[in-house]
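Quick notes on the structure that follows.
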Amino acid sequence: MMMQDKPKVVLLACGSFNPITNMHLRMFELARDYLHSTKRYQVIGGIISPVSDGYGKKGLLTAKHRCEMLQRALQTSDWIRLDTWESDQTTWTETRKVLQHHQNLFDSIVNGNKSSSNLRKKQKLDYDKINANTIGAKVSSPTWDLSQPVQVKLLCGADLLESFGVPKLWKDEDIADIVGNFGLVVITRKGSNPQRFIYESDVLTKYQWNIHLVTEWITNDISSTKIRRALRRGESVRYLLQDAVIQYIKDQKLYQDPHKDDPTHAVAEILYMMGRVLGCVYKNSRNLELTGNV
């Protein structure tokens, strides 16, 4: 089967991206390579969809800042784009609804192509012209071949797959819809056992044919949490983020320690640590008294 005749896939990654790291971008490359290696799919594009401010997670930067960083990070990619439909919402949007939004959009474009007699059979359309949910026109958006049906698949890490097992975190019908109707491309991490997790879940076992497990052999433990910690401590994050993202963080003074220049906070930290030390000394002395060793 020729590449152009295989089912076309667009990879969609949802999350905070607070901030976007090189590992986030690397996941797209790994997933595309894997799907192409199966000889079953043609990956034509990737979408990063940051969560809205309505998510309400502590320490979450505004969507404006996160999208600006994403736009800069994607300057080096010719096939991944930012989409702000989800981040533009006033409330948090369920992942299933985000997937369905993009699938509906692609379906409408493809159907429009087929019904128009003025378009060539294999015309290539610029997705950005149809869905103007990008910020700043600083880089041209990738042009994707939307002349044939497109499948949207959720790109994620093993931690998201395992979160399906957390009670009341996901609706059962949402899990079935996401895995059964869209599909997962899961980048595994060191220490995870996604095969066993799938085996122990009835719904995931039912749709395991639509779950693609991708092993990252060149392990990389970059996480946004660790990046924020390093930035807060004034440590270098070069080669962990795109240079343009680092520059934006510096220019906007993001992820800084809010108490950095507060002398009263430093004193409080010292007193707190002294209190802990004295508490340990007192506890040890009491233990010695009780055991008769003093």
Side-chain angles (χ1 to χ4, degrees), residues 8-38 40-51 55 57 60 66-67 69-84 86-87 95-96 98-99 102-103 127 139 141-142 144 150-164 178-179 182-195 197-198 204 210-228 230 237 239-246:
K8 298 183 185 301
V9 169
V10 168
L11 298 168
L12 172 69
C14 299
S16 299
F17 304 102
N18 186 36
I20 175 76
T21 72
N22 286 349
M23 190 57 205
H24 289 133
L25 302 176
R26 181 70 184 147
M27 287 174 64
F28 279 91
E29 298 291 332
L30 290 167
R32 182 173 67 168
D33 283 350
Y34 172 81
L35 290 180
H36 284 176
S37 73
T38 67
R40 295 167 52 196
Y41 303 100
Q42 179 190 3
V43 178
I44 64 169
I47 298 173
I48 295 182
S49 178
V51 72
Y55 186 51
K57 185 178 181 179
L60 182 68
R66 288 181 288 118
C67 288
M69 288 187 285
L70 278 162
Q71 189 77 353
R72 285 160 173 74
L74 294 176
Q75 289 177 354
T76 58
S77 176
D78 60 358
W79 68 282
I80 310 169
R81 70 182 294 278
L82 162 69
D83 186 274
T84 64
E86 181 183 359
S87 62
T95 302
R96 177 187 61 80
V98 179
L99 284 161
H102 289 285
Q103 188 63 66
Y127 181 65
V139 293
S141 182
W144 301 340
V150 172
Q151 301 175 14
V152 178
K153 292 187 178 296
L154 182 63
L155 172 61
C156 64
D159 52 346
L160 186 142
L161 177 70
E162 293 170 0
S163 74
F164 286 159
I178 291 172
V179 183
F182 297 99
L184 298 178
V185 183
V186 184
I187 309 299
T188 63
R189 56 181 170 78
K190 184 178 180 180
S192 66
N193 191 346
Q195 292 93 342
F197 186 80
I198 293 171
L204 294 181
N210 211 14
I211 302 175
H212 305 275
L213 301 178
V214 185
T215 301
E216 167 59 295
W217 295 109
I218 306 175
T219 56
N220 198 327
D221 197 27
I222 300 174
S223 72
S224 293
T225 300
K226 293 178 180 179
I227 293 296
R228 293 195 300 273
V237 293
Y239 308 119
L240 301 177
L241 310 180
Q242 295 289 299
D243 286 345
V245 174
I246 295 175

**OP:** Could you tell me whether the side chain of Arg81 reaches within less than 4.5 Å of the side chain of Trp144, counting heavy atoms only?
**Re:** yes

Subject >> Any donor-acceptor N/O pair, Ser192 side chain to Pro194 backbone, under 3.5 Å >> reply: no

Original post:
Which distance, rounded to the nearest 0.5 Å, do you find between the CG of Leu74 and the CZ of Arg72?
Top reply: 11.5 Å

Original post:
In chain order, what residues pass the side chain to side chain donor-acceptor pair (under 3.5 Å) check against Ser224, with sequence neighbours excluded?
Top reply: none

Subject >> Heavy-atom check, side chain of Leu160 versus side chain of Thr95, under 4.5 Å >> reply: no

Subject >> Pairwise side-chain contact, Gln195 with Asn193, heavy-atom cut-off 4.5 Å (strictly under) >> reply: yes

**OP:** Answer yes or no: is there a side-chain heavy-atom contact under 4.5 Å between Leu161 and Leu204?
**Re:** yes

Subject >> Interatomic spacing from CG in Leu70 to CG in Leu25 - rounded to 0.5 Å >> reply: 8.5 Å

Original post:
Is Tyr55 atom OH crowded by more than 12 heavy atoms from other residues, nucleotides or ligands, each under 6.0 Å away?
Top reply: no

Original post:
For Gln103, which residues count as a side chain to side chain donor-acceptor pair (under 3.5 Å) partner, sequence neighbours excluded?
Top reply: Asp107

Original post:
Can you find a pair of side-chain heavy atoms, one from Glu86 and one from Val51, that are under 4.5 Å apart?
Top reply: yes

Original post:
From Arg26 CZ over to Ile218 CD1, what is the distance, rounded to the nearest 0.5 angstrom?
Top reply: 5.5 Å

**OP:** Can you sort out the partners of Ser87 under side chain to side chain donor-acceptor pair (under 3.5 Å), two or more places apart, ordered by chain and number?
**Re:** none

Subject >> Distance (rounded to the nearest 0.5 Å) between Trp79 CH2 and Leu11 CG >> reply: 5.5 Å

Subject >> CG on Asn18 to CD1 on Ile227, rounded to 0.5 Å >> reply: 11.5 Å

Original post:
Is there side-chain contact between Leu241 and Met69, with heavy atoms separated by less than 4.5 Å?
Top reply: no

Subject >> Check: Tyr34 and Ile187 side chains under 4.5 Å, non-hydrogen atoms >> reply: no

Original post:
With side chains defined as the heavy atoms from C-beta onward, is the minimum distance between His212 and Lys153 less than 4.5 Å?
Top reply: yes

Original post:
When you check the gap from the basic side-chain N to the acidic O, do Arg32 and Glu29 get nearer than 4.0 Å?
Top reply: yes

